[in-house]
Amino acid sequence: MWRMTEKGRILTKEERVKLIALVGDESLLWGVARGANALVLLDDGMTYEQVAKVFFLDTDSIRRWHELFKEHGIKALADFK
């Protein structure tokens, strides 16, 4: 059941921890979608640091996605580990 928690948040601390853990899931389709989304955000003018914060990742991961894309195109995202 949906509810508001402290400070207007919608997640409990436990739910937040579990969801952040899911963000780190590098399954193929999830990883491709995240990489594509990150590249679109970069194209919109966001910095590596801003995109990394959105995805709960380090800036090196965002840079690697960008470099792979520049060197090998969209297919490289599917092969990213």
Side-chain angles (χ1 to χ4, degrees):
M1 178 178 199
W2 188 87
R3 72 256 175 239
M4 292 294 278
T5 61
E6 63 186 67
K7 298 183 183 177
R9 295 182 182 264
I10 63 169
L11 302 174
T12 65
K13 289 180 183 178
E14 294 79 20
E15 289 168 333
R16 184 174 172 81
V17 167
K18 288 178 183 178
L19 287 171
I20 289 173
L22 283 177
V23 170
D25 180 358
E26 292 298 333
S27 67
L28 179 62
L29 292 177
W30 180 245
V32 171
R34 285 184 0 153
N37 199 358
L39 290 170
V40 170
L41 293 175
L42 289 171
D43 188 59
D44 284 344
M46 290 180 74
T47 66
Y48 291 126
E49 292 78 14
Q50 291 169 325
V51 175
K53 183 174 181 174
V54 168
F55 286 98
F56 294 90
L57 292 172
D58 58 272
T59 56
D60 288 341
S61 294
I62 306 304
R63 282 189 180 91
R64 283 194 303 267
W65 278 338
H66 189 205
E67 290 301 318
L68 280 171
F69 177 75
K70 287 192 308 189
E71 292 175 17
H72 305 288
I74 291 173
K75 184 183 178 316
L77 294 177
D79 298 331
F80 183 76
K81 300 290 182 225

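When a residue number appears, it is its place in the shown sequence, counting from 1.
By the side chain to side chain donor-acceptor pair (under 3.5 Å) test, Asn37 pairs with no residue at all, sequence neighbours left out. When the side-chain contact (heavy atoms from CB on, under 4.5 Å) test is applied to Thr59, the partners found at least two apart in sequence or on another chain are Tyr48, Glu49, Ala52, Arg63. Every residue was checked against the side-chain contact (heavy atoms from CB on, under 4.5 Å) condition with Asp43, not counting sequence neighbours, and none meets it.
Counting only heavy atoms from C-beta outward, the side chains of Leu42 and Trp65 never approach each other to under 4.5 Å.
The CG atom of Leu39 lies 8.5 Å from the CD1 atom of Ile62; values are rounded to the nearest 0.5 Å.
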May I have the step-by-step check of salt bridge (Lys or Arg N to Asp or Glu O under 4.0 Å) for Arg64 and Glu67, ending in yes or no? CA-CA 5 Å; Arg64 283 194 303 267; Glu67 290 301 318; over 6 Å; no

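Using a 4.5 Å cut-off between side-chain heavy atoms of Ile, Leu, Val, Met, Phe, Trp and Tyr, with links allowed through other members, Phe69 and Val54 fall into the same hydrophobic cluster.
Side chain of Asp44 to main chain of Met46: no donor-acceptor pair is present (N/O by atom type, distance under 3.5 Å, no hydrogens or angles).
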